[in-house]
Amino acid sequence: MSEQPTRPIPESEAEAERLAAEAQNQEPPTKEWWDDPRMPWRGKPGRADMWCIGLIIATGAYGLLTIPVRPWILGNFSAPARDYILACFSGSNIAMVDIGALSRVGQHQPLWWAAVIAASLTSIKFDWLWWWAGRLWGRGVIDMIAARSKWAARTAYWAESVARRFGGPAVFLVWFIPLLPSSIVYAFVGDARMSLRRFLFIDFLAGLVYRGLWMFLGYRMGEPAKDLVNQLAKYSLYLTIGGIIIVFIGVYRQQRRFATSQH
């Protein structure tokens with residue numbers, strides 16, 4: 001394990017933006033790739049550091065590559081099979097809404113509870129990585145995320161303030177607060193030495209409630225919700241093409257950021 005970084009804790013959003021700007025403007029490494037102030041560690045990374053950062057990068061690539069798969073599933077399978085497949089594949093809110101709507105219009109779904117559990121488990125499958133990152137690097141992982149941009153710095157400070165104020169319950173709350181980066185909250189509680197078992201329990205419980213609420217929304221809406229999902233399935237080809245374009249844009253932006261960091 002590498003040495004824990006010791007960095008100032010921002011007292012305001014302006015301070016968080018200033019620290020992020022400083023991190024972005026620091027000179028890139030001149031000797032070793034890992035000897036970079038923008039990295040979350042200090043000193044040469046150990047095996048655990050390499051595994052953690054490698055898995056985080058891999059999950060980002062996985063998220064980009066699977067964007068086109070979701071609309072493809074939606075358009076190539078009929079209800080309710082598509083909903084259960086999506087629940088297992090991506091924890092889809094659309095799938096939860098459709099299952100709820102089908103139940104409302106008389107198409108009873110005896111395995112609705114299995115869909116909620118599957119969607120919750122799928123949704124949290126990579127969350128433990130950020131908990132581990134916080135355990136390894138402390139504030140370093142928060143600073144790494146905040147250094148991406150001014151907007152990232154503001155949202156990182158916001159997420160950290162929520163985690164600092166609420167502690168463990170913040171893992172639950174982050175599911176229901178739009179635009180709040182959950183990775184910051186997970187890293188914070190990891191740094192605060194919350195046990196992995198407790199973290200996963202709260203995270204899974206929040207996932208059950210969140211996905212269950214989407215299913216309840218579909219049940220309350222009934223036929224209109226079902227029609228909306230069918231329309232999305234009808235235009236799935238265009239959604240798939242749009243997803244592929246998003247993947248290429250994401251890869252292009254990552255390559256540009258990497259190239260910029262080398263100059």
Side-chain angles (χ1 to χ4, degrees), residues 55-103 107 109 111-132 171-186 199-219 221 225-251 253-254:
L55 288 172
I56 287 175
I57 293 172
T59 58
Y62 171 84
L64 285 174
L65 293 174
T66 56
I67 288 175
V69 178
R70 302 166 195 176
W72 180 84
I73 293 173
L74 187 64
N76 286 273
F77 294 88
S78 58
R82 67 189 180 198
D83 303 319
Y84 290 94
I85 294 173
L86 282 171
C88 295
F89 178 74
S90 64
S92 169
N93 289 331
I94 292 176
M96 300 296 99
V97 168
D98 199 31
I99 292 173
L102 290 172
S103 299
Q107 300 181 35
Q109 301 299 312
L111 294 178
W112 64 268
W113 55 272
V116 175
I117 293 175
S120 303
L121 289 172
T122 301
S123 300
I124 70 171
K125 61 182 179 290
F126 297 134
D127 292 352
W128 63 274
L129 281 173
W130 292 104
W131 172 92
W132 188 25
V171 177
F172 189 95
L173 293 174
V174 73
W175 281 78
F176 303 93
I177 303 178
L179 303 180
L180 189 69
S182 57
S183 55
I184 298 291
V185 175
Y186 301 159
F199 167 74
L200 291 176
F201 174 77
I202 298 174
D203 200 22
F204 177 61
L205 181 63
L208 284 176
V209 174
Y210 183 76
R211 299 304 180 196
L213 286 175
W214 279 98
M215 186 175 290
F216 178 73
L217 176 64
Y219 181 81
M221 292 179 64
K226 182 174 175 292
D227 292 340
L228 174 61
V229 176
N230 287 333
Q231 285 298 312
L232 290 174
K234 180 179 179 181
Y235 294 102
S236 61
L237 174 62
Y238 303 103
L239 294 174
T240 302
I241 295 173
I244 293 173
I245 293 173
I246 290 173
V247 169
F248 277 104
I249 292 175
V251 172
R253 291 181 63 184
Q254 286 183 344

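Minimum interatomic distance between Ala95 and Ser92 (heavy atoms only, all atoms of both residues): N-OG, 3.1 Å. Closest heavy-atom contact between Gly218 and Ala225: O-CB, 4.1 Å. Taking both residues in full, the closest heavy atoms of Ile202 and Phe172 are given as CG2-N, 3.8 Å, listed atom of the first, atom of the second, then distance. Nearest approach of Thr66 to Gly63, heavy atoms of both residues: OG1-O, 3.3 Å. Closest of all the heavy-atom pairs between Ala79 and Leu102 is CB-CD1, 4.1 Å.
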Where do Ile99 and Leu111 land on the side-chain contact (heavy atoms from CB on, under 4.5 Å) test, with the steps shown first? CA-CA 10 Å; Ile99 292 173; Leu111 294 178; over 6 Å; no

Can you list the steps and then say if Leu55 with Trp128 is a side-chain contact (heavy atoms from CB on, under 4.5 Å)? CA-CA 11 Å; Leu55 288 172; Trp128 63 274; 4.2 Å; yes

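Put simply, the residue from Trp112, Trp214, Tyr219, Phe216 that forms a side chain to side chain contact (heavy atoms under 4.5 Å, CB included) with Met96 is Trp214. The side chain to side chain contact (heavy atoms under 4.5 Å, CB included) test with Leu86 is passed by exactly one of Thr122, Ile73, Asp98, Val69: Ile73.
Using cut-offs of 30° and 60° on the angle between ring planes, the pair Phe199 and Trp131 is parallel.
Note that CD1 of Ile124 and CG of Leu208 are 8.5 Å apart. Values are rounded to the nearest 0.5 Å. Residue Asp127 holds its CG atom at 8.5 Å from CG of Leu200, rounded to the nearest 0.5 Å. Of the inter-residue distances, the one linking Asn230 atom CG with Arg82 atom CZ reads 5.0 Å to the nearest 0.5 angstrom. Lys125 contributes atom NZ, which lies 7.5 Å from atom OG of Ser90 (distance to the nearest 0.5 angstrom).
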Show me the donor-acceptor pairs, under 3.5 Å and distance only, between side chains in residues 177-186 and residues at least two apart or in other chains.
| residue | atom | partner | partner atom | Å |
| --- | --- | --- | --- | --- |
| Tyr186 | OH | Asp203 | OD1 | 3.3 |

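By the 4.5 Å heavy-atom criterion applied to side chains, Ile245 and Ile241 are counted as neighbours. Proximity of Gln107 to Pro80: side-chain heavy atoms (C-beta onward) are nowhere separated by under 4.5 Å.
Around OH of Tyr235, the count of heavy atoms belonging to other residues, nucleotides or ligands within 6.0 Å does not exceed 12.
Side chain of Ser120 to main chain of Gly207: a donor-acceptor pair is present (N/O by atom type, distance under 3.5 Å, no hydrogens or angles).
For Trp175, the ring pair (Phe, Tyr, Trp, His ring centres under 6.0 Å) criterion is met by Tyr210, not counting sequence neighbours. Applying the side chain to side chain donor-acceptor pair (under 3.5 Å) test to Arg70 and every residue at least two apart in sequence or in another chain returns nothing.
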